[in-house]
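What follows is one structure encoded as structure tokens, with my remarks underneath.
Counting from 1, the numbers follow the sequence of the chain as shown. Every heavy atom of this structure was used, including side-chain atoms; hydrogens, water molecules and symmetry mates were not.
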Amino acid sequence: MQIKPILAAMRHHKAGTVLIALQIALTLAIVCNALFIIQQRITRMSRPSGVSENNLFVIRSDWADKSDTQRIDAQMQADLIALRQLGSVQDAASTNSFPLRGTGWDNFIKLQPDQVKMTTDSAIFFSDEHTLATLGTRLIAGRNFTASEIAAQKPRDAMHSAQVIISKDLAQRLFPQGSALGKTIYVSMGQAPSTIIGITDTLQAHMTGSWAGPYAYNAVLIPARLLNDYTYYLVRAKPGQLDAAMRDAPKALFAQSRMRIIDHKDGVMSFAQVRQRAYERDVGMAILMGIISVVLLAITAAGIVGLTSFWVGQRRKQIGVRRALGATRGDILSYFLTENLLIGIGGVLAGAVLAIGINLWMVTQFEMARLSLAYVVAGVAALLVLGQGAVLAPALRASRVSPVEATRSV
């Protein structure tokens, strides 16, 4: 088929042609970036926490009397003994925060005491000799804490410990040329060094958002009980006894002391609930982007159908003349498909440039990753296929117009 007559016809319908091309361009730009955002969110949600999440749950205990730190320390130790003695519980530990919590302590990590700038940032988890077993996190080098190394610490005390355990990602960041085991780092703002006595396998920080960036798997475990207004108890249930342990544990804590508050809604959460809460914004964003994409594609398809149907109605006489001169139904069908393809190509070329431009703007404004060209290519192919599919029905109707019917409609 000759393209020149088609281009001439499109020049007579500039407004409709430009409108559909712009609609295709805008749809491509938004859908490509939306699908890229969805992929980024799904990837983030599927990241491993480094925790054996099955049979693990968390209890938050707020102290009614926050002034007596010695009593709080004694109570925490009694609580842990009571939890570990439950028949449905395998192990338990206290902490200030945990992976996927969303908020918690983090601190600058330095390699030299007189460093002005940090080497990196890291989550800080207060831990004891039961923490790794409770989390189900594997120690890949070195040793665990001993009971004699665990000390009580108030929130305003200078955070320092002679021994620390760090995650393997933090170890590789700090000492990329060799093993971090036995090396010293500076966790607090003071001058006292901490010796790395152990390295865990993957262990996610409490940070889950995109702002966590390169620090998402930096974790430092320090041997201490935090004497804060509240504490978190990590509890690992025995296999198959998670529900029973989640019922038994609060009762055991209240049996130790009624001078505490455990919220009936958020005070006891399985780790599945912790993960769901940590990524609920990502789920919401993915759903929103998906809805926007579907709506835009539907509107674009409807626009192509409507405009082509309008053109078919306007060109009935022209179609009848062509049929009378010997054009087959296939020729008429091919004409409208080709016309729509040319409009679509113009739209996707503009849309590809716009999609990359929007992504570059989001990279600078929101620290997003750069859009992969694979999304642009896939989007271009999808929009062209969608356009051809949308124009097929009105094009088939045009091909069924007979010369006699077209003449009678004059």
*asked:* One pair to check against side-chain contact (heavy atoms from CB on, under 4.5 Å): I292 and V295. What are the steps and the verdict?
replied: CA-CA 5 Å; I292 290 174; V295 169; 5.9 Å; no

Looking at [X], I want to see if its [atom1] is surrounded by more than 12 non-hydrogen atoms of other residues, nucleotides or ligands under 6.0 Å.
| X | atom1 | value |
| --- | --- | --- |
| R281 | CZ | no |
| Q276 | CD | no |
| R71 | CZ | yes |

Checking the side chain of [X] only, and the main-chain atoms of [Y] only, is there a donor and an acceptor separated by less than 3.5 Å?
| X | Y | result |
| --- | --- | --- |
| R275 | M45 | yes |
| R260 | S257 | yes |
| T137 | G50 | yes |
| N359 | A369 | yes |
| Q172 | D169 | no |
| Q388 | L337 | yes |
| D243 | M246 | no |
| T202 | S49 | no |
| T200 | R138 | no |
| T195 | I197 | no |

For residues [X] and [Y], is any side-chain donor paired with an opposing acceptor at under 3.5 Å?
| X | Y | result |
| --- | --- | --- |
| T146 | N144 | no |
| D331 | T328 | yes |
| T27 | T300 | yes |

*Passes salt bridge (Lys or Arg N to Asp or Glu O under 4.0 Å), D201 versus K168? Steps please.*
CA-CA 6 Å; D201 204 346; K168 72 173 185 180; 3.2 Å; yes

*Go through the steps for M289 and L35 under the test side-chain contact (heavy atoms from CB on, under 4.5 Å), then give the verdict.*
CA-CA 7 Å; M289 291 294 102; L35 293 179; over 6 Å; no

Give me the atom names and distance for the closest heavy-atom approach of [X] to [Y].
| X | Y | value |
| --- | --- | --- |
| N55 | G240 | OD1-N, 3.6 Å |
| P223 | Q163 | CD-O, 3.2 Å |
| S309 | R397 | OG-NH2, 2.8 Å |
| I222 | S161 | CB-CB, 4.3 Å |
| T103 | H206 | C-CD2, 3.6 Å |
| G290 | I38 | N-CD1, 3.5 Å |

*What's the verdict on side-chain hydrogen bond (donor to acceptor under 3.5 Å, both in side chains) for N218 and S167, showing C-alpha distance, side-chain angles and the deciding distance?*
CA-CA 6 Å; N218 288 358; S167 63; 5.0 Å; no

Using 0.5 Å steps for rounding, measure from the [atom1] atom of [X] to the [atom2] atom of [Y].
| X | Y | atom1 | atom2 | answer |
| --- | --- | --- | --- | --- |
| Y233 | L80 | OH | CG | 5.5 Å |
| L56 | R236 | CG | CZ | 5.0 Å |
| L135 | S127 | CG | OG | 7.5 Å |
| T17 | N340 | OG1 | CG | 10.0 Å |
| M259 | D62 | CE | CG | 13.0 Å |
| L383 | L297 | CG | CG | 6.5 Å |

Are [X] and [Y] side-chain neighbours, meaning at least one heavy-atom pair lies under 4.5 Å?
| X | Y | answer |
| --- | --- | --- |
| I165 | I196 | no |
| N33 | L371 | yes |
| P239 | Q90 | yes |
| I72 | Q70 | no |
| I59 | F57 | yes |
| M269 | R60 | no |
| R101 | V274 | no |
| L234 | F98 | yes |

*Candidate pair D128 and R225, rule salt bridge (Lys or Arg N to Asp or Glu O under 4.0 Å), full reasoning*: CA-CA 8 Å; D128 61 21; R225 291 183 300 275; over 6 Å; no

*asked:* W105 vs F125, test: ring-ring contact (aromatic ring centres under 6.0 Å, His included). Steps then yes/no.
replied: CA-CA 7 Å; W105 288 26; F125 296 145; over 10 Å; no

*asked:* Between Q39 and Y375, is the side-chain contact (heavy atoms from CB on, under 4.5 Å) condition met? List the steps.
replied: CA-CA 10 Å; Q39 186 272 333; Y375 284 87; 2.7 Å; yes

If the threshold is 4.0 Å, N to carboxylate O, is there a salt bridge linking [X] and [Y]?
| X | Y | result |
| --- | --- | --- |
| R84 | D91 | yes |
| E129 | R143 | no |
| D229 | K66 | no |

*Show your working on side-chain contact (heavy atoms from CB on, under 4.5 Å) between R370 and L360 and close with a plain yes or no.*
CA-CA 7 Å; R370 290 187 179 274; L360 291 176; 2.7 Å; yes

_Check: Y230 ring centroid to Y232 ring centroid under 6.0 Å_ = yes

